[in-house]
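Take a look at the structure set out below.
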Number of protein chains: 2
Amino acid sequence: MTTGIKFVILGLLQKGSLSGYDVKRIVDGSTRFFWAASYGQIYPELRRLEAEGLVTGTSEPHGARARKLYRLTPAGRKALRAWLRAPAAGMELRNEALLKLFFADGLPREELPGVVAAMRADSEEVLARLREIQERVRPDPDETSKGLVLEFGIGFHGWIVNWCRAQEARLAKGGSK
Amino acid sequence: MTTGIKFVILGLLQKGSLSGYDVKRIVDGSTRFFWAASYGQIYPELRRLEAEGLVTGTSEPHGARARKLYRLTPAGRKALRAWLRAPAAGMELRNEALLKLFFADGLPREELPGVVAAMRADSEEVLARLREIQERVRPDPDETSKGLVLEFGIGFHGWIVNWCRAQEARLAKGGSK
DNA sequence: CTCTGCATGTAAAAGGTTACATGATTCC
DNA sequence: GGAATCATGTAACCTTTTACATGCAGAG
């Protein structure tokens, strides 16, 4: 449902006009952690949104370098608000490490902590990047909700890291049981 | 990479032979929370795995009802173990509620707690189902790692529920800031 | 002059869901 | 007899990734 990418774009355009390239860059530095997007989605979607009348594109080249900036139309703003108010789809999670852990009975017990450690390393990396964002981007009182989402990400991955650490310790000690 | 569904099937077949229908049923009651699968993936994949020599299928009808049970071959067991030891891909998360929260500046402040509450409701539902599983399935000492994954899910969604509750309280009180 | 970043795009492949068709069996 | 569950399958569709092609601009 809802197609996702559509509202990622409309949402980002709230704050001003952007090129497809801009959208990609911003997504990679923010929503990527809970909603990714590729060029193969962005450019075609921008044209679809323009056809729908939800955005307008104006060509604003930089010298001889082509550049098309898109901005929300009133209809686009309305569509965005309607989506914001509609019930959201449930969370989708896909975690290969968890899948491995689930099937890890097929492995000698000593190799179990390694699987957990790999999972922890993954979240530690994300955590580091989120903290970087937190320091780089000074809190804008106008963007409470974006800060909230960032805090969620940090708490969330922090929880995972702690959980993994606890399991690693437990598995290392009580080897048998 | 890795195609995922391939190892979901191989992993489930560790414990004995299963039909495609069985695989679907088990996935829907377990791995679905971190790795889903549909019939459209399962049946074709079973035939591919048989062609690869990783599973063997034997027709074992129940009366006049057709039924094909698959079991791991030694090569299948080996492929599974190799995958278990290989580094896992990072976590993929997709959460529409979080996306809405991210763009919620476009909404009057009073509507923000509602978005968080919807997110909480989602995790509460999952949590209830995970706890049900925990009670239904008595701990099998032979399947430590499956219990671990279940505990992860419960802790994980529990964390989300608590976070949402905290934010809801904060947003309700400190309305302006 | 070279490297990085800006900028647009697409074709093919891969991955996945939905919806349907079909029919037997078991439980009430 | 009817409903739920067992059981297999696929075709159409949708979404998403990957990989490539192209070229200007600015910094060093």
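The model shown is predicted, which means the values in this text are computed figures rather than measured ones. Just so we're on the same page: letters track the sequence lines, and every chain starts at 1.
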### Query
For DNA chain D, whose closest nucleotide is more 5', that of Arg67(B) or that of Glu92(B)?
Arg67(B)
### Task
Among dT18(D), dT18(C), dT8(C), find the nucleotide with the atom closest to the side chain of Tyr43(A).
dT8(C)
### Query
Quick one: Glu45(A) CD to dC14(D) C1', roughly how many Å, whole number?
13 Å
### Task
Go through the structure and list residues passing salt bridge (Lys or Arg N to Asp or Glu O under 4.0 Å) with Arg165(A), not counting sequence neighbours.
Glu124(A)
### Message
Aromatic contact between Phe152(B) and Phe34(B), with the criterion being ring centroids under 6.0 Å apart: yes or no?
### Response
no
### Task
Examine dT16(D): is either OP1 or OP2 under 4.0 Å from a nitrogen or oxygen in the side chain of Arg94(B)? Give yes or no.
yes
### Task
For the residue pair Lys68(A) and Glu60(A), establish whether any side-chain heavy-atom pair is separated by less than 4.5 Å.
no
### Message
Take a 6.0 Å sphere around NZ of Lys15(B) and say whether it holds more than 12 heavy atoms from other residues, nucleotides or ligands.
### Response
yes
### Message
Would you say that Leu112(B) contacts Leu107(B) through its side chain, given a criterion of any heavy-atom pair below 4.5 Å between the two side chains?
### Response
no
### Message
Between Ile160(B) and Arg120(B), is there a side-chain heavy-atom distance shorter than 4.5 Å?
### Response
no
### Summary
Leu69(B) CG to dA7(D) P, in whole Å, measures 8 Å
### Message
OP1 or OP2 of dT10(D) versus the side-chain N and O atoms of Arg47(B): is any pair under 4.0 Å?
### Response
yes
### Query
Closer than 4.0 Å, any side-chain N/O of Gln41(B) to the OP1 or OP2 of dG15(C)?
no
## Note on the structure
Readout for nucleotides 21-28 of chain C: B = base within 4.0 Å of protein heavy atom, S = sugar-phosphate only, - = neither; 5' to 3' it is --BBS---
### Query
Do any side-chain nitrogens or oxygens of Tyr21(B) fall under 4.0 Å of OP1 or OP2 in dT8(D)?
no
### Query
Do the non-hydrogen side-chain atoms of Met91(A) and Phe33(B) ever get within less than 4.5 Å of each other?
no
## Note on the structure
Rounded to whole Å, the CD1-C1' distance (Ile42(A) to dA7(C)) equals 12 Å
### Task
Give, ordered by number, those residues of residues 9-16 of chain B having at least one heavy-atom distance below 4.0 Å to an atom of DNA chain C; if nothing qualifies, reply none.
none
### Task
Output yes when at least one side-chain N/O atom of Ser38(A) is less than 4.0 Å from OP1 or OP2 of dT16(D), else no.
no
### Task
Give a yes/no answer on whether the side chain of Ser19(B) brings an N or O atom under 4.0 Å of OP1 or OP2 in dT8(D).
yes
